[in-house]
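Worksheet for the structure shown next.
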Amino acid sequence: MAHQGFPRGLRILTAGEYRHVFDNASFKVHGKGLLALACPNTLGHARVGLVFSKKNVRRAVDRNRLKRLTRESIRLGQHRLPAVDIVVLSKRGAGELDNDTVQRQLHGMWRRLEQEAKRHLAATQSIA
RNA sequence: GGAGUCGGCCGGACAGUCGCUGCCGGAUUUUAAUCCGGGAGAGGAAAGUCCGGGCUCCAUAGGGCAGAGUGCCAGGUAACGCCUGGGCGGCGUGAGCCGACGGAAAGUGCAGCAGAGAGUAGACCGCCUAAGCAGCUUAGGCUGCCGGCAAGGGUGAAAGGGUGCGGUAAGAGCGCACCGCGCGACUGGUAACAGUUCGUGGCAUGGUAAACCCCACUCGGAGCAAGACCAAAUAGGAACCCAUUGGUGUGGCCCGCACUUGGGUUCGGGUAGGUUGCUUGAGGCGUAUGGUGACAUGCGUCCUAGAGGAAUGACUGUCCUCGACAGAACCCGGCUUACAGGCCGACUCCCUCC
RNA sequence: GCUCAUGUAGCUCAGGGGUAGAGCACACCCUUGGUAAGGGUGAGGUCGACGGUUCAAUUCCGUCCAUGAGCU
């Protein structure tokens, strides 16, 4: 079985790294209640950061639940993801979604992200 | 059987797989880190931030003014605006529940509209015509004036004790009885307060203090983004001007205290990080003693989250009553607010049966 | 996490115990050949919610609920 851990190396840690992703977001993937920004990195694996604001998701219980679900989804799907830094944001009303819906949304978002990243890589390589 | 009151407790359970964060042991390794094993890992409200404290810095938190808070009495407590017991008032058939519950005879203010009058009471409707004056009249009496009244009506949130009898021209604490009220004494109680056995005053003291205020008591300011330490990029500057019984340090001010040269403009440089504070505590559980109780003391026993974009989850299976409100961020004690459902104990009322 | 501020007409704001107001906007009328401007009339409010104090609360007090700001 493949490694499925989720150590700190797979996360975006500092404010500077977050800023880099926001300023150089090469792709955006929208889901219901969620939004993912991503830009390529040189680490050879994906990293992820979460932004769930109090303004969009009012209760702490819902914020924690969404973050756990997102992390779980990343952890289980990390080997399919390209080498990009991802920031997942919440949109208004994300707290009303149930667990099944959130998981389906995240699954679909990773698939689209994979395709876009493949296309982006091909484009940059053809330019080079 | 039904309805209800109070107090306490619980807040899905079990197993497996994959993960997350500390701790302990071991291994690899220069450190960092990685791996293996073990064990721990959100709440009764973690919430709101409404009070109180610990802790940290400012002086060891000191004096005065200003300001804020609390407000029946006694106790508990580290402290409180909390809790316990008692008093008083209100609600309820009752068990019980609720109450910012000091002072309005220290002072100042406020009360729209309505109403005669809103605080040294008043005369709109009304009641009276005894005394005095005038007129009419044989007299009795009638009318008017001068007046008297606070009973009845009406207004209002509120109209200056209540009922009865006497009294009177009509009335009125004007007098008396009872009730209420004030003051004093006595008795009970630590006290708040109560009791009327007693005396006395004679009806004064309307409401509002979550209006100003008075009285008593309490309160210094800031908050873990407090603060401490390590390391060190850059800088430890330059020029000019001003003030030096001055400046800075903390809250509104003054005193006091501590430190000390301080401030302005221009130019130049810069505004990485890490560690700690960080969980053993006014601690939990059991038990004994004291106390009506809150609680206190002694003994035994246990260690029970500590992250740093932030850890408790996901999936699978079984069971049931099919799972509410909701997620620690320095820590405690309270209050308030949210909450599916369930359990235990004590008590009250109603109905029925024996 | 901590510390504050604000909720009044569709919008921007006054009012700090006694009937809720101003400007803009809205409707109708006048003015004009018509429109704008101007003038007049009018409608529109659980004064964020719930309790309490008071005879009386938008105002005073308490508790909640929203919204906004400041402190890394």
Side-chain angles (χ1 to χ4, degrees):
Chain A
M1 191 172 214
H3 176 67
Q4 289 190 323
F6 192 60
R8 293 175 64 79
L10 295 185
R11 299 187 226 165
I12 298 173
L13 294 173
T14 66
E17 290 167 333
Y18 273 92
R19 179 163 298 280
H20 181 76
V21 176
F22 277 113
D23 291 344
N24 305 291
S26 305
F27 352 99
K28 291 184 192 172
V29 181
H30 291 269
K32 191 176 179 184
L34 296 167
L35 166 66
L37 304 176
C39 74
N41 66 18
T42 57
L43 296 170
H45 59 80
R47 293 194 303 176
V48 70
L50 309 174
V51 177
F52 288 89
S53 73
K54 205 178 211 173
K55 191 167 185 175
N56 290 332
V57 185
R58 190 159 298 285
R59 291 183 300 176
V61 170
D62 292 329
R63 286 199 299 277
N64 281 343
R65 179 169 60 89
L66 289 168
K67 288 196 273 191
R68 282 167 187 153
L69 288 168
T70 310
R71 275 195 221 102
E72 186 71 10
S73 177
I74 294 273
R75 182 176 72 80
L76 295 173
Q78 57 180 289
H79 298 292
R80 293 191 338 215
L81 290 171
V84 291
D85 285 345
I86 308 167
V87 172
V88 181
L89 296 130
S90 64
K91 294 194 279 194
R92 190 174 287 277
E96 278 87 63
L97 304 173
D98 58 29
N99 289 6
D100 283 351
T101 310
V102 172
Q103 282 172 339
R104 278 201 304 274
Q105 291 295 323
L106 288 166
H107 193 72
M109 284 162 69
W110 305 145
R111 209 169 47 215
R112 273 175 282 159
L113 186 64
E114 201 178 351
Q115 290 167 1
E116 284 202 34
K118 223 174 269 176
R119 207 159 45 230
H120 182 81
L121 264 154
T124 50
Q125 277 169 358
S126 69
I127 288 168

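Each chain gets a letter, A, B and so on, in the order the sequences are listed, and its residues count up from 1.
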rA14(C), syn or anti by chi within 90 degrees of zero: anti

Side chain to side chain contact (heavy atoms under 4.5 Å, CB included) between L34(A) and L106(A), worked out: CA-CA 8 Å; L34(A) 296 167; L106(A) 288 166; 4.0 Å; yes

Base partner of rG144(B), which must satisfy Watson-Crick or wobble distances under 3.5 Å: rC133(B)

W110(A) vs I74(A) side-chain heavy atoms within contact, under 4.5 Å: yes

Identified pairing partner of rC26(C), criterion: Watson-Crick or G-U wobble below 3.5 Å: rG42(C)

Gap in Å between the two C1' atoms, one belonging to rG99(B) and one to rU53(C), rounded: 12 Å

Protein-nucleotide distance (L69(A), atom CG; rG313(B), atom C1'), rounded to Å: 8 Å

Torsion-based syn/anti label for rG44(B), 90° from 0 as limit: syn

Residues V88(A), I86(A); criterion side chain to side chain contact (heavy atoms under 4.5 Å, CB included); working and verdict: CA-CA 6 Å; V88(A) 181; I86(A) 308 167; 4.1 Å; yes

E72(A) side-chain proximity, nearest of rG327(B), rA314(B), rG309(B): rA314(B)

Between rA314(B) (P) and L106(A) (CG): distance, integer Å: 14 Å

rU19(C) and rU205(B), which share atom name P, separated by this distance in whole Å: 34 Å

Same-atom distance (C1') from rC127(B) to rA172(B), integer angstrom: 13 Å

C1'-based separation of rG64(B) from rU77(B) [nearest Å]: 32 Å

Partner nucleotide of rG313(B) by Watson-Crick or wobble geometry (both distances under 3.5 Å): rC18(B)

rA231(B): pairing nucleotide in any strand, Watson-Crick or G-U under 3.5 angstrom: none

rG273(B) versus rC240(B) - spacing of their P atoms, nearest Å: 38 Å

rG22(B) glycosidic torsion: syn (within 90° of 0) vs anti: syn

Rounded distance (Å) that lies between atom P of rG327(B) and atom CZ of R65(A): 12 Å

rA243(B) to rA222(B) separation - P atoms, rounded to the nearest Å: 37 Å

Phosphate OP1/OP2 of rA310(B) contacted by R71(A) side-chain N/O (<4.0 Å): yes

Whole-Å gap separating P (rC315(B)) and CD (Q103(A)): 5 Å

Watson-Crick or G-U wobble partner of rC257(B), both distances under 3.5 Å: rG249(B)

Nearest-Å distance for atom pair NZ/P, residues K67(A) and rU21(B): 15 Å

Min side-chain heavy-atom separation Q103(A)-H107(A) under 4.5 Å: no

rU63(C) pairs with, by Watson-Crick or G-U criteria that keep both distances under 3.5 Å: rA49(C)

Donor-acceptor under 3.5 Å (R112(A) side chain, K28(A) main chain): no

Chi class for rG180(B): syn within 90° of 0, otherwise anti: anti

Any strand: nucleotide that pairs with rC267(B) via Watson-Crick or wobble, under 3.5 Å: rG237(B)

A60(A) vs V51(A), nearer the 5' end of RNA chain B by closest nucleotide: V51(A)

Polar side-chain contact R75(A)-rC18(B) base: donor and acceptor under 3.5 Å: yes

Integer-rounded Å distance: rG309(B) C1' and I74(A) CD1: 14 Å

Among rA314(B), rC315(B), rG327(B), the nucleotide that comes nearest once only the side chain of N99(A) is considered: rA314(B)

Nearest-angstrom distance, P atom, rC14(B) to rG43(B): 15 Å

Along RNA chain B (nearest heavy atom to each residue), the more 5'-positioned of N64(A) and F52(A): F52(A)

V102(A) and L66(A), any side-chain heavy atoms less than 4.5 Å apart: yes

Donor-acceptor contact below 3.5 Å, side chain Q105(A) vs main chain K32(A): yes

Touch class at under 4.0 angstrom, heavy-atom based, for R59(A) against every strand present: sugar-phosphate

Euclidean distance, atom CG of residue L89(A) to atom C1' of rG309(B) [Å, nearest integer]: 12 Å

Atom pair distance, as rounded to whole Å: CZ in R68(A) and P in rA42(B): 11 Å

Spacing of the C1' atoms in rC6(B) and rC98(B) (rounded, Å): 15 Å

Glycosidic class, syn or anti, of rG220(B) using a 90° window around 0: anti

Stepwise salt bridge (Lys or Arg N to Asp or Glu O under 4.0 Å) check, R75(A) with E72(A): CA-CA 5 Å; R75(A) 182 176 72 80; E72(A) 186 71 10; 2.7 Å; yes

Assigned partner base of rC278(B), Watson-Crick or wobble definition, under 3.5 Å: none

